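Written below as structure tokens is the structure these notes are about.
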Amino acid sequence: MGKIRINNMSFHTYNGVHAEEKKLGQRLEIDAELTYPIETKVKTDNLTETVSYSDVYKAIESFVLNHNYDLIESLANNLLHQILTEFPRLEAVKLRIRKYSVPIAGIFDNVEIEVSGERDEK
């Protein structure tokens, strides 16, 4: 099964539990892995045979910039549902969301959430 990946999308958002996160915001990075049967569906070099990663990027950008949550887990779950709904040709989606400005004491690069979902066949 084919994969389309959009890696390291970066957005300034206002997600978080703490007041300073809601006021100052922080950078989130998102990776999206889109499962689509490229091997059998793309035959004539025509965009209509695939899922436009440009359109997926725009959908992710719009969603992330227009929805704020306390938990990035909620952002991840709701974004996953949105992508599967908006792009019904996709077989599955996996998202990784990294948050860098985490207000906890310690030395680390980021916190990452990963969610995945498949097209409901029903």
Side-chain angles (χ1 to χ4, degrees):
M1 185 66 66
K3 305 283 186 190
I4 300 167
R5 292 185 180 95
I6 310 171
N7 297 316
N8 296 319
M9 294 175 273
S10 185
F11 306 103
H12 187 81
T13 72
Y14 296 89
N15 295 283
V17 172
H18 302 284
E20 61 270 18
E21 294 177 294
K22 294 178 186 303
K23 181 179 179 185
L24 302 174
Q26 75 283 117
R27 175 175 63 119
L28 292 183
E29 275 187 1
I30 300 175
D31 300 335
E33 179 179 282
L34 316 170
T35 302
Y36 180 72
I38 296 166
E39 303 86 350
T40 59
K41 298 289 187 182
V42 180
K43 297 185 188 262
T44 65
D45 197 34
N46 190 315
L47 182 59
T48 62
E49 296 177 332
T50 190
V51 175
S52 167
Y53 49 80
S54 175
D55 290 346
V56 174
Y57 176 88
K58 290 175 192 172
I60 291 171
E61 177 184 45
S62 177
F63 189 91
V64 170
L65 295 179
N66 290 295
H67 295 85
N68 297 317
Y69 298 94
D70 286 346
L71 305 175
I72 60 172
E73 292 88 341
S74 295
L75 173 64
N77 284 332
N78 286 290
L79 178 57
L80 176 68
H81 177 74
Q82 178 67 28
I83 295 169
L84 285 168
T85 300
E86 193 169 334
F87 298 93
R89 297 171 80 187
L90 293 173
E91 302 269 332
V93 173
K94 181 186 293 183
L95 298 173
R96 286 179 212 83
I97 300 181
R98 287 177 295 285
K99 185 175 182 178
Y100 287 86
S101 299
V102 180
I104 59 176
I107 300 171
F108 56 93
D109 289 338
N110 59 62
V111 172
E112 181 175 89
I113 302 300
E114 181 176 307
V115 296
S116 58
E118 295 181 2
R119 170 85 29 232
D120 186 8
E121 296 295 329
K122 298 174 185 175

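For clarity, every value in this text was computed on a predicted model and none was experimentally measured.
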Could [X] and [Y] be called an ion pair, given the rule that one side-chain N must be under 4.0 Å from one carboxylate O?
| X | Y | answer |
| --- | --- | --- |
| D31 | K94 | no |
| E49 | K41 | no |
| E114 | R96 | yes |

Same cluster or not: are [X] and [Y] linked, directly or through other Ile, Leu, Val, Met, Phe, Trp or Tyr residues, by side-chain heavy atoms under 4.5 angstrom apart?
| X | Y | result |
| --- | --- | --- |
| L65 | I30 | yes |
| Y14 | L71 | no |
| V111 | Y69 | no |

Quick one: pull up [atom1] in [X] and [atom2] in [Y] and give me the separation to the nearest 0.5 Å.
| X | Y | atom1 | atom2 | answer |
| --- | --- | --- | --- | --- |
| Q26 | F11 | CD | CZ | 13.5 Å |
| E86 | L79 | CD | CG | 10.0 Å |
| I6 | L95 | CD1 | CG | 10.0 Å |
| D70 | E21 | CG | CD | 9.0 Å |
| H18 | I104 | NE2 | CD1 | 8.5 Å |
| L80 | T85 | CG | OG1 | 9.0 Å |

Within a radius of less than 6.0 Å around [atom1] of [X], do more than 12 heavy atoms belonging to other residues, nucleotides or ligands occur?
| X | atom1 | result |
| --- | --- | --- |
| N7 | CG | yes |
| Y53 | OH | no |
| E61 | CD | yes |
| D109 | CG | no |

Kindly indicate whether the side chain of [X], heavy atoms from C-beta on, has any atom under 4.5 Å from the side chain of [Y].
| X | Y | answer |
| --- | --- | --- |
| T35 | K3 | yes |
| I4 | I38 | yes |
| V64 | I97 | no |

Write down the atom of [X], the atom of [Y], and the distance for their closest heavy-atom approach.
| X | Y | result |
| --- | --- | --- |
| E118 | L84 | O-CD1, 4.2 Å |
| G16 | K22 | O-NZ, 2.8 Å |
| E39 | Y36 | OE1-O, 4.4 Å |
| A76 | I113 | CB-CG2, 4.1 Å |
| R119 | L90 | NE-O, 3.2 Å |
| P37 | E91 | CD-CG, 3.8 Å |

Quick one: do N15 and T13 satisfy side chain to side chain donor-acceptor pair (under 3.5 Å)? Show the steps, please. CA-CA 6 Å; N15 295 283; T13 72; 3.0 Å; yes
Check the orientation of F63 and H67. Use parallel for under 30°, tilted for 30 to 60°, and perpendicular for over 60°.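 F63 vs H67 ring planes: parallel.
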If only atom types and distance count, is the side chain of H12 paired as donor or acceptor with the main-chain N or O of L24 below 3.5 Å?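 Here the side-chain-to-backbone pair exists.
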